[in-house]
2 protein chains.
Amino acid sequence: MLSNSCRYGIRAVIYIASRQKASGKTGIKAISEALELPTPYLAKILQQLARHKILHSAKGPHGGFSMLRDPAKVTLLDIIEIIDGSDFFRNCIIHDGNCSCIDKNILPCPIHDEYGALRSGLIELFKNRTIYDMAKKANENSSVTI
Amino acid sequence: MLSNSCRYGIRAVIYIASRQKASGKTGIKAISEALELPTPYLAKILQQLARHKILHSAKGPHGGFSMLRDPAKVTLLDIIEIIDGSDFFRNCIIHDGNCSCIDKNILPCPIHDEYGALRSGLIELFKNRTIYDMAKKANENSSVTI
DNA sequence: TTAAAATCGGATAAAAGAATATTTTTCTTT
DNA sequence: AAAGAAAAATATTCTTTTATCCGATTTTAA
């Protein structure tokens with residue numbers, strides 16, 4: 001459902017937020033080692049999030065990434081929309097393009113109603129979970145993996 | 001969420017089932033024209049479904065595809081598993097590989113419980129909707145699109 | 001035996017994923 | 001202040017996967 005890029009991005013942001021208090025900025029190397037992700041690929045993703053003002057990035061010695069926006073105000077949905085776009089949230093499950101509940105000129109597919117309800121549930125979940133929530137969980141509860 | 005191949009396959013099977021009563025076999029050309037799908041690509045997908053005994057295929061004049069298994073006993077999940085595999089139903093939302101509820105050695109991710117519930121809902125939906133249901137809907141209800 | 005169909009193998013294109021090399025910025029040290 | 005080093009940013013290239021197309025072959029009913 002979510003692309004690799006998107007999952008990497010989400011995990012990295014949670015990690016950055018979870019270390020914010022203790023150590024300020026976190027270098028790309030530290031992140032990719034901790035999460036076991038390919039460094040240059042992750043760098044590209046974090047650059048994208050920095051351009052979208054989710055993260056702050058600092059070059060030079062002791063540089064690295066930190067949260068620019070308040071983690072409590074960044075939702076999963078924000079990150080997903082930046083990296084994967086919002087097609088998923090608008091599309092029908094068996095057709096290209098918009099779902100009939102977005103484009104009223106399209107007739108619904110045979111499982112429109114049931115799928116629509118589940119899709120709404122997903123959107124709500126993504127909209128309600130903030131980076132703050134998840135970073136906190138990761139910090140105080142060691143039985144959780146980022 | 002579902003690949004193009006998978007969505008094409010589902011729609012084609014519904015179409016074949018919906019025409020079964022009236023006209024028996026349906027040719028690949030007729031299907032791809034009706035659903036506006038690329039003919040040779042669709043052919044490959046249908047061959048795959050034929051190998052997995054969902055469809056029957058007949059060469060020669062008046063050949064074409066028809067349902068091999070009873071449409072009432074073919075679920076969406078059956079088709080999805082053949083074409084896209086079952087990774088989606090086993091995976092965590094932010095990690096590669098199995099979810100912690102499949103592999104007990106893995107610690108859950110920070111949104112494991114909430115996502116798990118929604119994922120189960122999707123699986124149930126895919127398991128409960130049969131090709132028969134959807135073909136019937138398409139036949140008797142012209143305000144639905146395959 | 002011919003024409004209509006599916007089948008099969010490979011060719012091509014586009015997108016996603018990943019790695020390498022270079023450049024730019026900024027801190028630190030002299 | 002200048003030089004050097006550390007870090008991210010950018011650009012380029014490579015690989016893999018997904019999507020698509022095409023030509024040749026096989027099958028089979030009329």
Side-chain angles (χ1 to χ4, degrees), chain A residues 1-13 15-16 23-33 35-68 80 82-85 87-88 95-97, chain B residues 1-13 16 19 23-33 35-68 80 82-85 87-88 95-97:
Chain A
M1 176 158 66
L2 302 179
S3 69
N4 278 358
S5 303
C6 192
R7 292 186 288 113
Y8 293 178
I10 290 168
R11 294 174 59 200
V13 172
Y15 185 72
I16 292 165
S23 42
K25 300 183 195 313
T26 311
I28 182 76
K29 208 68 173 293
I31 303 169
S32 61
E33 269 167 26
L35 305 182
E36 298 183 332
L37 300 177
T39 311
Y41 186 42
L42 182 61
K44 242 182 201 172
I45 297 164
L46 296 189
Q47 284 158 30
Q48 197 179 353
L49 292 173
R51 280 195 298 276
H52 281 85
K53 311 290 185 195
I54 302 285
L55 296 177
H56 174 257
S57 74
K59 294 182 177 183
H62 306 116
F65 292 90
S66 58
M67 296 298 300
L68 180 55
I80 295 170
I82 289 171
I83 300 178
D84 279 353
D87 280 1
F88 173 76
H95 293 116
D96 280 336
Chain B
M1 174 159 64
L2 302 180
S3 68
N4 277 0
S5 302
C6 192
R7 292 186 287 112
Y8 292 179
I10 291 169
R11 293 175 59 202
V13 172
I16 291 165
R19 312 226 318 166
S23 43
K25 299 181 193 319
T26 310
I28 181 79
K29 208 70 173 294
I31 303 169
S32 62
E33 270 167 25
L35 305 182
E36 297 181 338
L37 300 176
T39 310
Y41 186 42
L42 182 61
K44 254 188 189 165
I45 298 164
L46 296 190
Q47 283 159 32
Q48 197 180 353
L49 293 173
R51 280 195 298 275
H52 281 85
K53 311 290 185 194
I54 301 284
L55 296 178
H56 174 256
S57 73
K59 293 183 176 182
H62 305 115
F65 291 91
S66 56
M67 297 297 298
L68 179 55
I80 294 170
I82 289 172
I83 300 178
D84 278 354
D87 281 1
F88 173 76
H95 294 115
D96 280 338

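Order of the sequence lines fixes the chain letters, A, B, ..., with proteins taken first and strands second; residue numbering starts at 1 for each chain.
Note: CG (A:Asn4) to P (D:dT15) measures 19 Å, nearest angstrom. One can place CD1 of A:Ile28 at 13 Å from P of D:dT10, the figure rounded to the nearest angstrom. Atom CG of B:Asp96 and atom P of D:dT17 are 13 Å apart (whole Å). Here C:dT22 presents its P atom at 18 Å from CD of A:Gln47, a figure rounded to the nearest Å. With rounding to whole Å, A:Leu42 atom CG is found 18 Å from C:dA16 atom P. Between A:Ile16 atom CD1 and D:dA7 atom P there is a gap of 16 Å when expressed in whole angstrom units. The CG atom of B:Leu2 sits 11 Å away from the P atom of D:dA19 (whole-angstrom rounding).
In terms of position along DNA chain D, the nucleotide closest to A:Thr26 lies nearer the 5' end than the nucleotide closest to the other residue of the pair A:Lys44 and A:Thr26.
The closest side-chain heavy-atom distance from A:Met67 to A:Val13 is below 4.5 Å.
Dashed line: the shortest gap from a side-chain N or O of B:Ser5 to OP1 or OP2 of D:dT18 is not under 4.0 Å. The side chain of A:Tyr8 places no N or O atom within less than 4.0 Å of a non-bridging phosphate oxygen (OP1 or OP2) of C:dG17. Using a 4.0 Å cut-off, no side-chain N or O of B:Tyr41 falls inside it from OP1 or OP2 of D:dC21. When the side-chain nitrogen and oxygen atoms of A:Ser57 are compared with OP1 and OP2 of D:dA9, one or more of them lie within a distance under 4.0 Å. The phosphate of C:dA3 (OP1 or OP2) has no side-chain N or O of B:His62 nearer than 4.0 angstrom.
The line from CD1 of A:Ile10 to OG of A:Ser5 is 11.0 Å long, rounded to the nearest 0.5 Å. Atom CZ of A:Arg51 sits about 11.0 Å away from atom CG of A:Leu46, to the nearest 0.5 Å.
Taking the side chain of B:Phe65 as heavy atoms from C-beta on, and the options D:dA19, D:dA8, C:dA6, the nearest nucleotide is C:dA6. Each of C:dA4, C:dT26, C:dT7 was ranked by its minimum atom distance to the side chain of A:Pro61; first place goes to C:dT26. Here D:dC22 is the nucleotide among C:dA19, D:dC22, C:dG17 with the atom lying nearest to any side-chain atom of B:Pro40.
Within the 4.0 angstrom heavy-atom criterion, no nucleotide atom of any strand lies near B:Lys29. Nucleic acid contact class of B:Ala58 (heavy atoms, under 4.0 Å, all strands): sugar-phosphate only.
In the model, A:Tyr41 has no side-chain atom that pairs as donor or acceptor with a side-chain atom of A:Ser32 under 3.5 Å.
A donor N or O paired with an acceptor N or O is not found under 3.5 Å between the base of C:dT26 and the side-chain atoms of A:Lys25.
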